[in-house]
Student: 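Sending over a structure as structure tokens; questions will come in a sec.
Index from 1, following the sequence.
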Amino acid sequence: QVQLVESGGGLVQAGGSLRLSCTASGRTFNTDAMSWFRQVPGKEREFVAGISWNGGSTSYADSVKGRFTISRDNVKNTVYLQMNSLKPEDTAVYYCAARRGTTIYRSASWYEYWGQGTQVTVSS
């Protein structure tokens, strides 16, 4: 059974930091592009950051560029999202996603595997 399990969410004050982790099991993801998305109630799931299979290429939403960093450890089958200088508008449920292939896509419809999500709340 393929699973993506996120962790690291929580409540933080504006300006603070959090590090999200997503660990995959059930198959090897080291040839897959992996991304983080986020969603707030009533809105579509939004691309946050993506990373290619070997970490050689990354992509970020403009809203998080310079504040968030995505990375991966293929030995541990884990992808990370380091979030710094957090703002109240970063509050959302954050989801990890994986897709077969090396290309990072910003549309959620391209991703085959999803985690259950982890809540991030940034207070002002």
Student: Cluster question for you: counting only ILVMFWY and a side-chain heavy-atom cut-off of under 4.5 Å, with indirect links fine, are M34 and V93 together?
Tutor: no
Student: Between Y95 and R45, is there a cation-pi geometry (under 6.0 Å to ring centre, at most 45° from the normal)?
Tutor: yes
Student: Given the rule that I, L, V, M, F, W and Y join up when any side-chain heavy atoms are under 4.5 Å apart, are F37 and W110 in one cluster?
Tutor: yes
Student: When hydrophobic residues are tied together by side-chain contacts of less than 4.5 Å, even through go-betweens, does V120 share a cluster with V48?
Tutor: yes
Student: How long is the span from the CZ atom in R19 to the CD atom in Q82, to the nearest 0.5 Å?
Tutor: 6.5 Å
Student: Do S35 and I104 touch side chain to side chain, with heavy atoms closer than 4.5 Å?
Tutor: yes
Student: Evaluate the side-chain proximity of S63 to E89: yes if any heavy-atom separation is below 4.5 Å, no if none is.
Tutor: no
Student: If you take all heavy atoms of W36 and L20, which pair is closest and at what distance?
Tutor: CH2-CB, 3.7 Å
Student: Any idea which heavy atoms bring V79 and C96 closest together, and the distance?
Tutor: CG1-SG, 3.8 Å
Student: Distance-only, no hydrogens or angles: does the T91 side chain make a donor-acceptor pair with backbone N or O of V122 under 3.5 Å?
Tutor: yes
Student: Indicate the atoms forming the closest heavy-atom contact of Q119 with A92, along with that distance.
Tutor: NE2-O, 3.4 Å
Student: What closest approach, in Å, do P88 and A14 show between heavy atoms, and which atom pair accounts for it?
Tutor: CD-CB, 4.1 Å
Student: Dump the intermediate steps for salt bridge (charged side-chain N to carboxylate O under 4.0 Å, His left out) on D62 and K65, then the final yes or no.
Tutor: CA-CA 5 Å; D62 288 344; K65 204 172 291 184; 3.2 Å; yes
Student: Could you check if a side-chain atom of S59 sits within less than 4.5 angstrom of a side-chain atom of R106, using non-hydrogen atoms only?
Tutor: yes
Student: Identify which one of R99, R100, R27 satisfies the salt bridge (Lys or Arg N to Asp or Glu O under 4.0 Å) criterion when paired with E112.
Tutor: R100
Student: Give a yes or no on whether the backbone of Q116 and the side-chain of E6 come within a donor-acceptor separation of less than 3.5 Å.
Tutor: yes
Student: In terms of hydrophobic clustering (I, L, V, M, F, W, Y; side-chain heavy atoms under 4.5 Å; direct or indirect links), are L18 and I51 co-clustered?
Tutor: yes
Student: Same cluster for F47 and I70 if Ile/Leu/Val/Met/Phe/Trp/Tyr side chains link at under 4.5 Å?
Tutor: no
Student: Would you please say whether a donor-acceptor pair under 3.5 Å links the side chains of T23 and T78?
Tutor: yes
Student: Quiz question: by atom type and distance under 3.5 Å, do the side chains of N54 and S52 form a donor-acceptor pair?
Tutor: yes
Student: On a heavy-atom basis, which atom in G55 and which in R72 lie closest, and how many Å separate them?
Tutor: N-CD, 4.1 Å
Student: How long is the span from the CZ atom in F29 to the CG atom in N74, to the nearest 0.5 Å?
Tutor: 11.5 Å
Student: Could you pull out the closest heavy-atom pair between S21 and Y80, with the gap in Å?
Tutor: OG-CD2, 3.4 Å
Student: Is there side-chain contact between V64 and M83, with heavy atoms separated by less than 4.5 Å?
Tutor: no
Student: Between the main-chain N or O of Y105 and the side-chain N or O of Y111, is there a donor-acceptor pair closer than 3.5 Å?
Tutor: yes
Student: Measure the CD-CD distance between E44 and Q39 for me, rounded to the nearest 0.5 Å.
Tutor: 8.5 Å
Student: When rounded to the nearest 0.5 angstrom, what is the spacing between CG in D32 and OG1 in T103?
Tutor: 11.5 Å
